[in-house]
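Read the structure below first, then the notes.
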Number of protein chains: 2
Amino acid sequence: MLAEDDPRQAEALRRYLTAAGHRATVVADGETALRQAREQAFDLLLLDVMLPKLDGMQVCRILRQESDVPVLMLTARSAEDDLLRGLDLGADDYMTKPYSPRELVARVRTLLRRVRTTPQESPVHRLGRLTVDESRRLVTAGDTTVDCTAGEFAILAAMIRQPGRVFSRVQLLEHTRGVDRESTGRTIDVHVMNLRRKIESNPRRPQQLLTVYGVGYKLSAGTS
Amino acid sequence: MLAEDDPRQAEALRRYLTAAGHRATVVADGETALRQAREQAFDLLLLDVMLPKLDGMQVCRILRQESDVPVLMLTARSAEDDLLRGLDLGADDYMTKPYSPRELVARVRTLLRRVRTTPQESPVHRLGRLTVDESRRLVTAGDTTVDCTAGEFAILAAMIRQPGRVFSRVQLLEHTRGVDRESTGRTIDVHVMNLRRKIESNPRRPQQLLTVYGVGYKLSAGTS
DNA sequence: CCGGTTTGTCAGGAACCGGTCAAGGCGGGG
DNA sequence: CCCCGCCTTGACCGGTTCCTGACAAACCGG
C-alpha cells in the first residue's frame with residue numbers, strides 16, 4: 001500500500017513499483033491508510049509523512065500497536081528530527097525526497113525479503129509434469145524423481161528458465177561447457193536424447209522437450 | 001560488532017553505542033569480521049564498506065549466505081550505486097558518512113527491535129542422525145559426539161543450514177577460508193573424506209554427506 | 001515421390017571427476 | 001626451539017560422463 005496525497009508523485013511511485021513486479025494500492029490520506037491496513041493484510045506500507053487528516057507519524061504509531069507490517073516512511077523534509085521520530089515510532093526505514101526509483105525499489109525489496117516467511121527460498125521451476133529445483137539439483141517428471149548428469153541438468157535448467165523459448169545447439173552448449181566451444185557434432189543431440197529417455201513417458205514422441213527443425217530445441221508445457 | 005579500520009572513527013562509534021547502552025566488539029578488517037561473526041552470535045553488525053583484506057560488500061555477501069544477522073553498512077562515499085549494491089547484497093540498512101550519532105543510534109535500535117521480535121531460530125540443527133550446535137561448536141552423529149576441526153565444522157555447518165542444497169567446492173571453500181581462492185586441489189575432498197570417517201557409519205557408502213557428481217556435495221537426511 | 005539436409009541413435013574411446021593416500025607447509029603451544 | 005595437528009597439494013586409480021563418428025530415420029521443398 002502506498003499512502004501519498006500528491007497524485008503526481010503517487011502515480012510515479014506506483015509505476016516504479018509495478019515495473020519492479022509489485023502490486024500497489026494507492027490511498028491519499030492517513031485515515032484511509034489506517035482503515036485499509038486494518039481491513040487487508042498488506043506486505044508493506046509506503047507512508048508519506050505529510051498526509052491529510054492523519055499524518056504519517058500518527059499512522060505509523062497507531063499501526064505499530066496492532067501490526068508488524070513493514071513501514072517505509074517518505075518525507076520531503078530532510079530534518080533529522082523527523083527521521084529519528086519516525087524510526088522511534090516503529091518505522092522500518094526512511095527515505096527523504098527526492099528519492100531515486102532504483103533506491104526506492106531496492107529498499108522495498110529488502111524489507112519484503114525480511115517479511116517473506118520462506119526462510120530459504122529456492123527457485124523451483126514447474127512446467128507441465130516437470131519440476132526443476134535448481135539449488136537442490138532435483139528433477140521430477142510426473143511423480144518420479146529423475147537423476148541427471150551435470151550436463152543434462154544444465155540444459156534442462158536453462159530451458160525451463162524460459163519456457164517455450166527456442167535454444168540453438170550452440171547456446172545450449174554454452175550452458176554445459178561454460179565457454180563457447182564450437183562443436184558441430186552430435187553432442188547436444190545426445191544429451192537431449194538422454195534427457196528425453198528420463199523425462200518423457202514416450203521418448204519417441206516427445207511432449208515437452210521438442211525439436212525445432214533447423215534451429216534447435218525448446219521446452220513446452222506439453223498437453224495440458 | 002563494529003568493523004571499521006580507522007581507529008579514531010571506531011572509537012567514536014563505540015562510544016556512541018555504549019552511551020546508548022549497547023556493548024560493541026571492534027574489529028579492523030573484513031576477514032576478522034567474518035571469522036568473529038562465525039564464532040560468536042552478534043545481535044548486529046556495523047560494517048564499513050572500505051575495509052582491509054576483505055571489503056564490506058564481500059563480508060556482507062558471504063555472511064548473508066549463512067546468517068540473518070542484521071547488517072548496517074557504513075560508507076564514506078554517497079554514491080547511489082554503492083547503496084544499491086549494499087542493499088542487494090542483503091544489508092538491512094545503509095548510512096553515509098558523516099552520520100550523526102543520534103541517527104546512528106536510532107537506526108541501530110530499529111534493527112535490533114526487529115531482530116528481537118522476530119522468532120529466533122534455534123541454533124542447533126538436526127538432520128537424520130546428525131546434530132550440529134553452532135553456538136557450542138558441537139557435533140553428534142547418532143549418539144556419539146564427534147569433534148571436528150575448524151574446517152570440517154565450517155563445511156558441515158554450512159551444509160546443514162540448508163539441507164539438501166548442493167554446494168560447489170568453491171562455495172564450501174568460502175566457508176573454510178574467508179575469501180574465494182581458486183584451488184583446483186583436493187582440499188575440499190579431503191575435508192569431506194575426513195568428515196565422512198567421523199559421521200558416517202560406513203564412510204565408503206555415505207548416507208548423509210553425499211557426492212553430486214560434477215557439481216559438489218550435499219547433505220541429506222539419509223535413510224528415514 | 002525424390003533428393004538433400006537435419007535429426008535420432010548407438011557404441012567406443014577420450015576426457016574428466018572424485019576417493020584415497022602420503023608428503024610438506026604452516027602455525028600454536030609447550 | 002621443537003613438536004604436533006591441521007590444512008593443503010600432488011599423484012594415482014577406478015569409475016563416470018562426455019564427445020565423436022557412422023549410420024539410419026525423419027523432415028522439408030519441389
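Below, all heavy atoms of this structure are taken into account, side chains as well, without hydrogens, waters or symmetry copies.
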So, with a heavy-atom separation below 4.0 Å from DNA chain D, the residues of residues 150-167 of chain A are A/A150, A/G151
Just how far, in rounded Å, is C1' of D/dG5 from NZ of B/K198? 11 Å
Which residues share a side-chain hydrogen bond (donor to acceptor under 3.5 Å, both in side chains) with A/E152, sequence neighbours left out: A/K198
Short side-chain N/O contact to C/dT9 OP1/OP2 from A/R196, under 4.0 Å: no
Could you grab the distance from atom OG1 of B/T145 to atom CG of B/D143, nearest 0.5 Å is fine? 10.0 Å
State whether B/R197 places a side-chain N or O below 4.0 Å from either non-bridging phosphate oxygen (OP1 or OP2) of C/dC21. yes
Take atom CG of B/D189 and atom C1' of C/dA22, then tell me their distance rounded to the nearest Å. 16 Å
Quick one: side-chain hydrogen bond (donor to acceptor under 3.5 Å, both in side chains) partners of A/T140, sequence neighbours excluded? A/T131
DNA chain C nearest-nucleotide lookup for B/G216 and A/V192: closer to the 5′ end is A/V192
Pairs: protein N or O with nucleotides 12-16 of chain D N or O, under 3.5 Å:
| residue | atom | partner | partner atom | Å |
| --- | --- | --- | --- | --- |
| D/dG15 | N2 | B/Y213 | OH | 3.1 |
| D/dT16 | O2 | B/Y213 | OH | 3.4 |

For DNA chain C, which residues in residues 203-212 of chain A have a heavy atom at a distance below 4.0 Å? A/R204, A/T211, A/V212
Counting N and O atoms only, with roles assigned by atom type, does the side chain of B/Q208 sit under 3.5 Å from a partner on the main chain of B/E200, one being a donor and the other an acceptor? no
Separation between CZ of B/R169 and OH of B/Y217, rounded to the nearest 0.5 Å: 4.0 Å
Of the nucleotides C/dT20, D/dC18, C/dT9, which has the atom closest to the A/H191 side chain? D/dC18
Heavy atoms only, 4.0 Å cut-off, all strands: where does A/V190 land among base, sugar-phosphate and nothing? base
Measure the distance from CD1 on B/I188 to P on D/dT8 and round it to the nearest whole Å. 8 Å
Spacing of A/N194 atom CG relative to C/dT7 atom P, expressed in whole Å: 17 Å
From OG1 (B/T75) to CG (B/D48), nearest 0.5 Å: 7.0 Å
Qualifying salt bridge (charged side-chain N to carboxylate O under 4.0 Å, His left out) pairs with a residue from residues 202-218 of chain A, counting only residues at least two apart or across chains: none
Just how far, in rounded Å, is P of D/dG21 from CE of A/M193? 17 Å
side-chain N/O A/T187 vs D/dT20 OP1/OP2, d < 4.0 Å: yes
Please step through side-chain contact (heavy atoms from CB on, under 4.5 Å) for the pair B/L34 and B/I62, ending with a clear verdict. CA-CA 8 Å; B/L34 201 54; B/I62 297 171; 3.9 Å; yes
Side chain to side chain contact (heavy atoms under 4.5 Å, CB included) with B/L195: of B/I155, B/V146, B/V190, only one passes, and it is B/I155
Please give me the minimum heavy-atom distance between B/L47 and B/G56, naming the atom from each residue. CD2-O, 3.3 Å
Provide, to the nearest angstrom, the distance between the CG atom belonging to B/L173 and the C1' atom belonging to D/dT9. 13 Å
Do side-chain atoms of B/R196 reach the backbone of B/L209 as a donor and acceptor pair under 3.5 angstrom? yes
Would you check if the side chain of B/R129 reaches a backbone N or O of B/I199 as a donor-acceptor pair within less than 3.5 Å? yes
